[in-house]
Protein chains: 2
Amino acid sequence: MITIDIHKIFKHKKIKITANRLDIANILSNSKHPLNTKEIESKLNEPDRVTLYRNLKLLVELEVLHKIEVNGSTVSYAFNHSITDVNKNKEHLHFHCNICNKVICMPQHKINSYNLPEGFIQEKCKLIVDGICNICNKEINNTSTIQE
Amino acid sequence: MITIDIHKIFKHKKIKITANRLDIANILSNSKHPLNTKEIESKLNEPDRVTLYRNLKLLVELEVLHKIEVNGSTVSYAFNHSITDVNKNKEHLHFHCNICNKVICMPQHKINSYNLPEGFIQEKCKLIVDGICNICNKEINNTSTIQE
DNA sequence: TTTTAAATGCAACGCTGTTGCATTTAAAAG
DNA sequence: CTTTTAAATGCAACAGCGTTGCATTTAAAA
């Protein structure tokens, strides 16, 4: 059961183990794709926005979660599996679908460090590709076939 | 004089040539770096937020400007020089300084297209490196030297 | 010069995230 | 197990960024 691992992580990070935090971590840990605040909120039983925002912020600071900002209005969160599994979660490409707004990790495309001009220091890096995801693409093709 | 080129661009795009729009385009055309809304606003004589936002949106849609979102709270705009100069402004790396918040174009690092899984369509792409810029880096070193 | 559709500027709103503060609760101490 | 206490919660209110509605102004066509 994954819940036990999350208990351990919270203990190790020395934060209180609360229902709110367990819920958030479990939802994201079990999700195939990163989820935005709305999606997380809708999966919670007692959704208080303030508590959610505070816990998301805390868990990102403690590196339990990753925050992924594909654009100004779409902020997603993903569980940082590299806490338990070192191989996963190196900085990688994120795909953002302009139709369904979903964010999909593409760990096959890792991000290297770039040769910047003298004096520039690279701390973090993000690579975002916008477009149409495989599911929306399929739907578009189906619809157009029917119409013909 | 650059103003004449911008006149031509607006004519060609079939939008009214107004003082507001000329100001925005001139400010960004003459700026070395992309500027955020606050910075543009501070350089305007009569700053009405609504008109500014509406014109920024329009000029981005008409591809006179580029919109660069390095994170949720930092949105910058740059003049699209490729309208007049085909060589410039291919999609490239943007550097964001975590100290001064400035955004700097790094056209030496172009963005290629990625080999995405079956069914995914790439439309746009962005590559953002966060860190410390050369100017802030120099300031940090100076300060620490004095303190020693 | 007249006409008209587009652009502007104000007020008010909406969404996302934050702050202050009283109340509740996890978990440490006894 | 009970008491203690610092952290977490939930509410109200706020702040920043961008948008919408609408009356007024203005660029540019007639």
Side-chain angles (χ1 to χ4, degrees), chain A residues 3-4 6-27 34-62 64-77 96 101 103, chain B residues 3-4 6-27 34-62 64-77 96 101 103:
Chain A
T3 315
I4 295 160
I6 291 168
H7 262 94
K8 278 185 193 167
I9 292 165
F10 287 0
K11 268 253 164 69
H12 181 247
K13 298 287 183 183
K14 288 169 187 166
I15 58 167
K16 279 195 188 176
I17 298 162
T18 67
N20 266 303
R21 290 172 181 169
L22 287 173
D23 286 351
I24 294 169
N26 275 312
I27 288 165
L35 301 176
N36 63 44
T37 319
K38 277 277 166 61
E39 291 169 320
I40 300 168
E41 212 174 338
S42 72
K43 285 173 192 281
L44 291 169
N45 1 1
E46 30 86 357
D48 176 63
R49 285 171 56 247
V50 178
T51 305
L52 175 57
Y53 282 122
R54 276 198 275 234
N55 280 328
L56 286 172
K57 201 176 185 180
L58 177 76
L59 295 176
V60 168
E61 279 164 9
L62 297 176
V64 176
L65 303 181
H66 288 300
K67 185 177 185 178
I68 305 150
E69 294 175 297
V70 295
N71 61 48
S73 48
T74 312
V75 179
S76 302
Y77 295 88
H96 172 242
N101 213 32
V103 174
Chain B
T3 315
I4 293 160
I6 291 168
H7 261 94
K8 277 186 194 166
I9 292 165
F10 287 0
K11 268 252 164 72
H12 181 247
K13 298 288 182 181
K14 287 168 188 166
I15 57 167
K16 279 196 189 176
I17 297 163
T18 68
N20 266 303
R21 289 171 181 170
L22 287 173
D23 285 352
I24 294 169
N26 275 312
I27 288 165
L35 301 176
N36 63 45
T37 319
K38 277 277 166 61
E39 291 169 320
I40 299 167
E41 212 174 338
S42 71
K43 285 173 191 281
L44 291 169
N45 0 1
E46 31 87 358
D48 177 63
R49 285 170 56 245
V50 179
T51 305
L52 175 58
Y53 282 122
R54 276 198 274 233
N55 280 328
L56 286 172
K57 201 175 185 180
L58 177 76
L59 295 176
V60 168
E61 279 164 8
L62 297 176
V64 176
L65 303 181
H66 288 300
K67 185 176 185 178
I68 305 151
E69 294 175 297
V70 294
N71 61 48
S73 48
T74 312
V75 180
S76 301
Y77 295 88
H96 171 242
N101 213 32
V103 174

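Source: prediction; values computed, not measured. Residue numbering restarts at 1 for every chain, and letters A, B, ... go by the order of the sequence lines.
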Participant: Measure the CG-NZ distance between A:Leu65 and A:Lys57 for me, rounded to the nearest 0.5 Å.
Facilitator: 14.5 Å
Participant: Starting at atom CG of A:Leu62, determine the distance to atom C1' of D:dA7, rounded to an integer number of angstrom.
Facilitator: 14 Å
Participant: Could you tell me whether the phosphate oxygens of D:dT19, OP1 or OP2, come under 4.0 Å of any side-chain nitrogen or oxygen in B:Tyr53?
Facilitator: no
Participant: A:Lys14 near the nucleic acid: base, sugar-phosphate alone, or nothing, with a heavy-atom cut-off under 4.0 Å?
Facilitator: nothing
Participant: Would you please confirm or rule out a distance under 4.0 Å between OP1 or OP2 of D:dT19 and any side-chain N or O of B:Lys57?
Facilitator: yes
Participant: Quick one: on DNA chain D, does A:Glu46 or B:Ser73 contact a more 5' nucleotide (nearest heavy atom)?
Facilitator: A:Glu46
Participant: When you check the phosphate oxygens OP1 and OP2 of D:dA28, does a side-chain N or O of B:Lys11 lie under 4.0 Å from one of them?
Facilitator: no
Participant: If you count heavy atoms of other groups shown closer than 6.0 angstrom to NZ of B:Lys11, is the number above 12?
Facilitator: no
Participant: Looking at B:Arg54 and D:dG18, is any side-chain donor or acceptor paired with a base atom of the opposite kind under 3.5 Å?
Facilitator: no
Participant: From A:Ile40 CD1 over to A:Ser76 OG, what is the distance, rounded to the nearest 0.5 angstrom?
Facilitator: 8.0 Å
Participant: Rounded to the Å, how far apart are B:Leu22 CG and D:dA27 P?
Facilitator: 11 Å
Participant: Look at all strands and tell whether A:Thr51 reaches a base, only sugar-phosphate, or nothing, counting heavy atoms closer than 4.0 Å.
Facilitator: base
Participant: Considering just the side-chain nitrogens and oxygens of A:Thr18, establish if one lies under 4.0 Å of OP1 or OP2 belonging to D:dT9.
Facilitator: yes
Participant: Check whether more than 12 heavy atoms from other residues, nucleotides or ligands sit under 6.0 Å from atom NZ of B:Lys13, and answer yes or no.
Facilitator: yes
Participant: Base, sugar-phosphate, or nothing: which does A:Arg21 touch, judged by heavy atoms less than 4.0 Å apart?
Facilitator: sugar-phosphate
Participant: Using whole Å, report how far CG of B:Leu52 lies from P of C:dT8.
Facilitator: 10 Å
Participant: For a quick check of understanding: with a heavy-atom distance under 4.0 Å over all strands, which category does A:Thr37 fall into, base, sugar-phosphate or nothing?
Facilitator: sugar-phosphate
Participant: With a 4.0 Å limit, can you tell me whether B:Asn36 has a side-chain N or O closer than that to the phosphate oxygens OP1/OP2 of D:dC17?
Facilitator: no
Participant: Going by purine N1 to pyrimidine N3 plus the second Watson-Crick contact, or the G-U wobble pair, all under 3.5 Å, which nucleotide sits opposite D:dA30?
Facilitator: C:dT1
Participant: Is there, by distance only and without an angle test, a donor paired with an acceptor across the side chain of B:Arg49 and the base of C:dG9 below 3.5 Å?
Facilitator: no
Participant: Whole Å only: how far is the CD1 atom of B:Ile15 from the P atom of D:dA28?
Facilitator: 10 Å
Participant: Return the pairing partner of D:dA7 with a 3.5 Å limit on both distances, Watson-Crick or G-U wobble; otherwise return none.
Facilitator: C:dT24
Participant: Separation of B:Lys16 atom NZ from D:dT25 atom P, in whole Å?
Facilitator: 14 Å
Participant: Could you grab the distance from atom CG of B:Asn101 to atom CD of B:Glu39, nearest 0.5 Å is fine?
Facilitator: 8.0 Å
Participant: Taking atom P of D:dA8 as reference, at what distance in whole Å does atom CG of A:Leu59 sit?
Facilitator: 10 Å
Participant: Between D:dT26 atom C1' and B:Asn55 atom CG, what is the distance in whole Å?
Facilitator: 14 Å
Participant: Nearest to the side chain of B:Val75 - D:dG18, D:dT19, D:dA28?
Facilitator: D:dG18
Participant: Quick one: label A:Lys38 by what it contacts on the DNA or RNA (base, sugar-phosphate, nothing), any heavy atom closer than 4.0 Å.
Facilitator: sugar-phosphate
Participant: From CG of A:Asp48 over to C1' of D:dA13, roughly how many Å is that when rounded to an integer?
Facilitator: 14 Å
Participant: Just so I know, are the side chains of B:Tyr77 and B:Val64 near enough to count as touching, which here means a heavy-atom distance under 4.5 Å?
Facilitator: no
Participant: Could you let me know what C:dA12 is paired to, Watson-Crick or G-U wobble, both distances under 3.5 Å, or none if it's on its own?
Facilitator: D:dT19
Participant: For the side chain of B:Asn20, starting at C-beta, report the closest nucleotide among C:dG17, D:dT26, C:dG9.
Facilitator: C:dG9
